[in-house]
Amino acid sequence: MRRYNPKDIEPKWQKIWQESGIYRAVDFDPSRPKYVMLTEFPYPSGSGMHIGHMREYTLGDIIARQKRMSGFNVLFPMGYDAFGLPTENYAIKTKIPPQQATEENTKNFQQQLESMGFSFDWSRSFKTSDPDYYKWTQWLFLRFFEAGMAYQEEVAVNWCPFCRTGLANEEVVNGRHERCDTLVEKKLLKQWMLRITDYADRLIDGLADVDYPDWIAQQQINWIGRSKGAEIKFSLETIKEEVSVFTTRPDTLFGATFIALSPEHPLVGEVTTKEQKKVVNAYVREAATKTELERQEAEAKDKTGVFSGSFAINPATGDKIPVWIADYILMGYGTGAIMGVPAHDERDFAFANKYDLPIKYVIEPEFSKAKPNEKTKEAIVAVLRNPKSQEVLMLDWGPRQDSYGGKLFIGGGKEGNEDVLSAARREITEETGYTDFELKAELPFIVHNHFYSNVKKADYYVHIHGLLFDLTSDQQIPTKLDAGEKNKFKLTWMPIGRATAEDAAHQYVFDSLMSPAPYTKEGLMTQSGKYNGLSSTLARDAIVEELSHKGLAKERINYRLRDWIFSRQRYWGEPIPIIHCPKHGPVAVADEDLPVILPSVADYLPSSDGSSPLARVKEWVNTTCPLCHLPAKRETDTMPNWAGSSWYYLRYYDPKNAHEFAAKDKLNYWGAVDLYLGGIEHITLHLLYSRFWHQFLFDQGLVPTPEPYLARRSQGIIQAADGSKMSKSKGNIVDPMEVIESGYGADSLRLAVAFLAPYNQTTPWSPESLGGTYRFLQRVWNLVEEYSAADGGNIDNLKLKQVMHRTIKKVSEDLLNMGYNTAVAALMECVNQLYLIKAKDNFSSSEWQWALESLIAMLAPFAPHIAEELYSSLGGEGSIHLQPWPGYDEKFIKSDSITIAVQINGKVRAQLIVPADADQATAQAAAMADPKVQSYLNQAQIIRSIYVKGKLLSLVTQKVVTN
RNA sequence: GCGGAUGUGGCGGAAUGGUAGACGCGCUAGCUUCAGGAGCUAGUGGGCAUUAUGCCCGUGGAGGUUCAAAUCCUCUCAUCCGCACCA
């Protein structure tokens with residue numbers, strides 16, 4: 001008998017598979033449905049494949065193989081995302097051209113991928129840095145340019161001083177460049193931009209038509225950050241210009257007590273008066289030199305700003321309000337200017353407090369809504385504080401039931417012509433007997449709620465005035481309570497920190513009195529002219545509507561997402577195919593002149609002035625204008641890393657096409673990617689960018705489907721054994737190549753990865769699990785090796801049939817749901833069973849032949865090498881990987897008798913073997929005959945019986961009362 | 001602060017209303033010896049027992065719904081991820 005040795009069989013089959021081309025996808029196969037299984041292509045770094053790649057490609061490969069066996073025409077392609085910074089930085093250091101380094105790295109990577117036995121169709125492979133490929137990236141860019149979707153703009157870009165390049169917002173993480181961790185600065189540069197914001201709504205709406213996990217869709221929606229609001233114009237007192245602000249709360253317009261402009265706002269110069277010029281200039285200059293991080297860190301600290309010297313007019317009130325410059329206003333969002341409403345916005349509140357700007361409440365909290373025509377009473381909630389002990393007085397009305405009772409502050413209604421203050425004083429003395437106290441604070445707004453009278457067990461709709469009093473002496477007189485109130489509550493002094501009222505309005509009044517805060521939720525309008533009493537949600541639209549007639553406001557939708565900065569001042573990327581003509585401005589390179597080849601350079605270091613190394617290649621830069629043929633200069637910026645990966649999946653459909661990025665009929669045949677598997681780190685940037693490109697191409701009639709990926713899944717991260725992140729510096733990296741070479745082989749590793757945990761779960765790597773999968777494969781190997789030939793005739797073995805059919809069903813269903821780990825468990829269980837059956841059976845029947853072949857077929861997607869080897873040793877023809885996926889028959893899955901549990905009063909007390917189709921009466925009769933059940937039913941009567949066929953019988957009993 | 005996820009033995013995990021801990025790792029005992037990253041058999045959540053094997057407890061915590069809850073509901077705690085001065 002041969003021993004299982006992966007080193008003997010794995011390289012052998014890898015070579016045979018490559019030579020026979022069994023994994024090649026066939027264009028236009030009419031006999032089978034197509035299936036595009038896409039895994040994210042790797043960046044070919046010098047360090048090669050890591051365990052994360054390993055998980056992704058193993059999971060993708062298992063699906064690709066099983067789909068192939070299930071009769072699909074599978075396209076499972078692989079390529080390389082080769083442009084990018086690491087290779088270029090390596091070139092700067094070593095002077096080795098990126099082209100060369102990429103070539104070597106790719107070769108190495110491909111060798112590693114092949115040694116894992118992945119079934120990629122290598123005949124369709126390419127690198128994004130191949131001129132044959134980036135020719136089409138450039139061609140597609142020109143379609144954006146022609147459609148006005150690519151434009152140039154002078155923008156303050158995130159500038160990485162280390163990489164000397166501009167960055168997209170998405171590449172800045174916590175104020176640092178995500179790749180090199182350098183602090184990011186702001187720099188004003190003319191940049192190419194793509195109008196992704198035009199597609200913001202489409203990118204949200206399109207999610208409804210694709211199968212992405214909810215959390216991924218949600219994260220994309222949050223990233224786009226759509227918010228509906230209005231743009232409102234404020235006229236300036238001394239200048240003709242108007243300031244437009246963006247707000248999501250036009251209903252708070254009457255409460256706008258100042259205007260604030262971002263330091264980068266174009267009107268800053270004009271609004272600044274002579275007297276303020278010096279201080280404003282200094283402030284603007286300081287803001288400009290702050291890095292992203294410094295501005296972010298300032299968040300925790302005080303808000304800062306300077307007064308411009310001029311005033312604006314609030315269009316709602318006609319009031320003069322000051323115009324400030326403040327760096328908490330971001331130029332990149334909305335209009336770069338806001339109306340400051342301190343009463344209803346946290347940031348404005350903090351700013352107003354610091355600079356002593358007026359706070360005007362125009363929205364009142366509403367804790368319950370009045371019923372139609374309900375009468376309203378004026379009421380008070382008074383907080384009586386003992387300043388010495390720092391305690392407040394509460395009335396304890398006993399346990400809270402429905403809306404009555406519980407711990408409350410002093411409350412009561414206004415009587416007759418009484419004013420609020422005297423009502424409060426009267427209520428305090430009546431209910432508590434205290435007489436000496438002074439008013440400390442009064443809420444500047446009313447709180448709306450129902451008032452639940454404990455005494456009358458009835459409620460009124462009330463306007464609550466909140467007041468805070470400090471006790472000045474302990475003197476108490478007898479309380480004046482009517483009969484209904486007497487002895488219904490007791491007084492308790494509570495420390496301020498622990499005082500909580502069991503009524504939302506009471507609690508809100510208390511909190512606001514103790515520390516004034518803005519009210520940022522919806523409520524009822526007040527101090528807002530004719531809108532008073534309206535709900536803020538309704539007033540919002542009404543105010544915009546009214547102002548819009550005067551041309552002072554319009555509805556506007558704003559996005560957190562900004563247009564995509566598409567320029568990089570680097571060498572190793574696709575040259576942007578534009579020629580700058582003194583006469584015609586930016587002109588597209590003619591389609592037939594593509595690709596614009598990246599010229600070779602001597603030095604890859606970008607210039608410190610913000611231009612790319614390409615700018616130094618004079619003979620390349622100087623060219624002629626395609627329109628007038630006069631001297632002109634090439635664009636020297638290159639495209640970002642994300643460009644090539646935005647459409648690469650389409651190129652797999654027709655990778656060698658020299659006339660089109662892909663032929664129409666091939667695009668139509670392969671259509672959208674059926675399943676796209678990739679890392680969680682790409683669900684916002686890459687996924688959003690490529691969906692944007694695809695949607696644009698769809699609009700241009702260049703692709704047949706509105707979305708690129710029908711379904712997206714993301715594999716979880718594999719952590720180091722201790723649950724920490726794998727990192728080079730910690731030296732806790734698991735190298736897949738080492739595992740293969742150590743003797744376990746690729747099959748054990750693939751199986752261990754599939755078996756580890758649910759595919760989408762982050763989980764630590766346990767090296768010991770390799771021993772488990774290796775032993776399992778060994779058991780499979782030995783089982784098949786011990787079997788010789790089907791010379792024992794056809795002997796029926798029901799048990800064997802049942803085990804196999806059940807396993808086939810389980811594995812097939814699990815794979816459909818990507819339940820890899822449970823599928824592997826089912827295979828292990830199956831093999832355990834086969835050993836048991838074998839021990840009692842004639843191990844050479846034709847049924848065994850079928851069982852072993854089925855087992856190997858199921859194992860094939862997970863462990864392709866051993867499956868192929870055993871298949872051939874069983875005398876199979878061709879490749880196991882092209883054999884049909886085994887089917888199952890329900891009739892062998894059910895068995896005649898089955899074990900059910902008997903529960904008595906909810907506890908499992910016995911197990912019974914009953915016929916599988918036994919009805920309730922039969923099952924119950926069997927249960928009653930069981931001595932164990934009888935012992936529990938002693939002295940009791942069955943009052944209810946629940947039967948779940950094939951699972952359990954649940955009996956509910958009641959003690960029989962004797963005598 | 002906003003959004004999302006997760007919580008089950010010593011470990012990875014299984015079970016989506018119906019016998020909690022499948023499968024694997026590790027561990028314990030025994031057998032075996034083509035000494036090999038071996039194999040086989042039995043055991044392995046905690047506690048109390050042991051004449052049987054039985055009883056009690058147990059899925060982050062507290063309540064609830066139900067004949068029955070890891071699973072559904074309410075509250076709460078912890079951990080992780082994404083976003084964050086976004087008006």
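Within every chain, numbering begins at 1; the chains are lettered A, B, ... in the order of the sequence lines, protein sequences first and strands thereafter.
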Worksheet item: Tyr361(A) and His344(A): aromatic ring centres closer than 6.0 Å?
Response: yes

Please list, pair by pair, any protein nitrogen or oxygen found under 3.5 Å from a nitrogen or oxygen in nucleotides 26-32 of chain B.
residue, atom, partner, partner atom, Å
G26(B), OP2, Arg775(A), NH2, 3.4

Atom pairs, protein N/O to nucleotides 57-64 of chain B N/O, distance under 3.5 Å:
residue, atom, partner, partner atom, Å
C57(B), OP2, Lys907(A), NZ, 3.2

Worksheet entry | Rounded distance in Å between the C1' positions of U28(B) and U6(B) | 33 Å

Discussion item. Does any part of the side chain of Trp765(A), heavy atoms only, come nearer than 4.5 Å to the side chain of Leu770(A), both counted from C-beta?
Written reply: yes

Discussion item. Give me the distance, rounded to whole Å, that separates C81(B) from U71(B) when you measure between the P atoms they each carry.
Written reply: 26 Å

Fill in: Test side-chain contact (heavy atoms from CB on, under 4.5 Å) applied to Asp345(A) - qualifying residues, sequence neighbours left out
Arg347(A), Asp348(A)

Which atoms of nucleotides 13-19 of chain B (N or O only) lie under 3.5 Å from a protein N or O atom, and what are those distances?
residue, atom, partner, partner atom, Å
G13(B), OP1, Gln761(A), NE2, 2.7
G13(B), OP1, Thr763(A), OG1, 2.8
G13(B), O3', Asn821(A), ND2, 3.4
A14(B), OP1, Asn821(A), ND2, 3.0
G18(B), N2, Gln903(A), OE1, 3.2
U19(B), O2, Gln911(A), NE2, 2.8
U19(B), O4, Thr899(A), O, 3.4

Discussion item. Is the shortest side-chain heavy-atom distance between Leu815(A) and Glu813(A) below 4.5 Å?
Written reply: no

Discussion item. Considering every strand and a 4.0 Å limit on heavy-atom distances, what is the contact class for Asn782(A): base, sugar-phosphate, or nothing?
Written reply: nothing

Discussion item. Rounding to an integer number of Å, can you tell me how far Glu829(A) CD sits from A22(B) C1'?
Written reply: 6 Å

Worksheet item: Below 3.5 Å, does any donor atom in the side chain of Arg562(A) face an acceptor in the base of C86(B), or the other way round?
Response: yes

Worksheet item: Can you tell me how far C1' of G24(B) sits from CZ of Arg779(A), to the nearest Å?
Response: 12 Å

Discussion item. Does the structure place the NZ or CZ of Arg560(A) under 6.0 Å from the centre of the six-membered ring of Trp223(A), at an angle of no more than 45° from the ring's axis?
Written reply: yes

Item to complete: Between G58(B) and G3(B), how far apart are the C1' atoms? Round to whole Å, please.
Response: 34 Å

Item to complete: Check whether any side-chain nitrogen or oxygen of Arg3(A) sits under 4.0 Å from OP1 or OP2 of G37(B), and answer yes or no.
Response: no

Worksheet item: Between Arg944(A) (CZ) and U66(B) (C1'), how many Å, whole number?
Response: 9 Å

Worksheet item: Under a 3.5 Å cut-off on both pairing distances, which runs of 3 or more consecutive Watson-Crick or G-U pairs involve RNA chain B?
Response: B:1-7 with B:77-83, B:10-12 with B:23-25, B:26-31 with B:39-44, B:45-48 with B:54-57, B:60-64 with B:72-76

Item to complete: Answer yes when Glu786(A) and Lys838(A) have at least one side-chain N-carboxylate O distance shorter than 4.0 Å, and no when they do not.
Response: yes

Worksheet item: Regarding Arg712(A) and Tyr212(A), is there a side-chain donor-to-acceptor distance under 3.5 Å anywhere?
Response: no

Worksheet item: Is the distance from OP1 or OP2 of C55(B) to the nearest side-chain N or O of Tyr936(A) less than 4.0 Å?
Response: yes

Discussion item. Whether Asp211(A) and Arg713(A) form a salt bridge (side-chain N of Lys/Arg under 4.0 Å from carboxylate O of Asp/Glu) is what I want to check.
Written reply: yes

Worksheet item: For Tyr355(A), which residues count as a ring pair (Phe, Tyr, Trp, His ring centres under 6.0 Å) partner, sequence neighbours excluded?
Response: Trp324(A), Phe351(A)

Worksheet item: With respect to the phosphate group of G24(B), does any side-chain polar atom (N or O) of Asn832(A) fall under 4.0 Å of OP1 or OP2?
Response: yes

Worksheet item: What integer number of Å spans the P atoms of G47(B) and G64(B)?
Response: 29 Å

Item to complete: Take the protein atom CG of Asp722(A) and the nucleotide atom P of G12(B), then report the distance between them rounded to whole Å.
Response: 12 Å

Fill in: Atom-to-atom span, CD1 of Ile680(A) to P of C80(B) - whole angstrom
15 Å

Discussion item. Within the supplied structure, the quantity of interest is the number of heavy atoms (other residues, nucleotides, ligands) at a distance under 6.0 Å from Asp214(A) CG; does it exceed 12?
Written reply: no

Discussion item. Within a 6.0 Å radius of atom CD1 on Ile913(A), are there more than 12 heavy atoms belonging to other residues, nucleotides or ligands?
Written reply: no

Item to complete: Only counting residues at least two apart or in another chain, list the ones meeting side-chain contact (heavy atoms from CB on, under 4.5 Å) with Arg249(A).
Response: Thr247(A), Asp251(A), Thr252(A), Ile363(A), Glu522(A), Ser536(A), Arg540(A)

Fill in: Distance in angstrom units between Gln219(A) CD and C2(B) P, rounded
17 Å

Discussion item. Taking only the P atom of each, what is the distance from U79(B) to U8(B) in whole angstrom?
Written reply: 14 Å

Worksheet item: Of the nucleotides C55(B), C23(B), A38(B), which has the atom closest to the Lys932(A) side chain?
Response: C55(B)

Worksheet item: In a check of side chain to side chain contact (heavy atoms under 4.5 Å, CB included) between Gln220(A) and each of Leu561(A), Leu687(A), Ile204(A), which one passes?
Response: Leu687(A)

Item to complete: Give one of base, sugar-phosphate or nothing for Phe258(A), where a contact means two heavy atoms less than 4.0 Å apart.
Response: nothing

Worksheet item: Is the count of non-hydrogen atoms from other residues, nucleotides or ligands lying under 6.0 Å from Lys354(A) atom NZ greater than 12?
Response: yes

Discussion item. Work out how far the P atom of A20(B) is from that of C25(B), and round it to whole angstrom.
Written reply: 25 Å

Discussion item. Go nucleotide by nucleotide along RNA chain B from the 5' end; which of Tyr744(A) and Asp214(A) gets its closest nucleotide reached first?
Written reply: Asp214(A)

Fill in: Gap in Å between the two P atoms, one belonging to U33(B) and one to C27(B), rounded
23 Å

Discussion item. Closest-nucleotide mapping onto RNA chain B: is Tyr774(A) or Asn222(A) further toward the 5' terminus? I mean the 5' end.
Written reply: Asn222(A)

Worksheet item: How would you list, by chain and number, every residue that makes a side-chain hydrogen bond (donor to acceptor under 3.5 Å, both in side chains) with Asp735(A), sequence neighbours excluded?
Response: none

List, one per line, each side-chain donor-acceptor pair under 3.5 Å for residues 822-834 of chain A, sequence neighbours excluded.
residue, atom, partner, partner atom, Å
Thr822(A), OG1, Asp814(A), OD2, 2.9
Thr822(A), OG1, Gly819(A), O, 3.0
Asn832(A), OD1, Arg779(A), NH2, 2.9

Discussion item. Could you check, using the six-membered ring where one of them is a Trp, whether Tyr4(A) and Tyr774(A) have ring centers closer than 6.0 angstrom?
Written reply: yes

Fill in: Whole angstrom value for the distance that separates P of A38(B) from CD of Glu785(A)
20 Å

Worksheet item: What distance, rounded to whole Å, do you find between the two C1' atoms, one in U41(B) and one in G45(B)?
Response: 23 Å

Worksheet item: Tell me: CD of Gln220(A) to P of G82(B), nearest whole Å?
Response: 16 Å

Worksheet, complete the sentence: Ala825(A) has its side chain closest, among C23(B), C86(B), G37(B), to C23(B)

Discussion item. Per the salt bridge (charged side-chain N to carboxylate O under 4.0 Å, His left out) rule, what does the pair list look like for residues 748-759 of chain A, sequence neighbours excluded?
Written reply: Asp61(A)-Arg750(A)

Discussion item. Under the rule for side-chain contact (heavy atoms from CB on, under 4.5 Å), what residues qualify as partners of Ser227(A), not counting sequence neighbours?
Written reply: Phe246(A), Thr248(A), Tyr333(A), Asn558(A)

Fill in: For RNA chain B, the residues among residues 224-234 of chain A that have a non-hydrogen atom under 4.0 Å from it
Ser227(A)

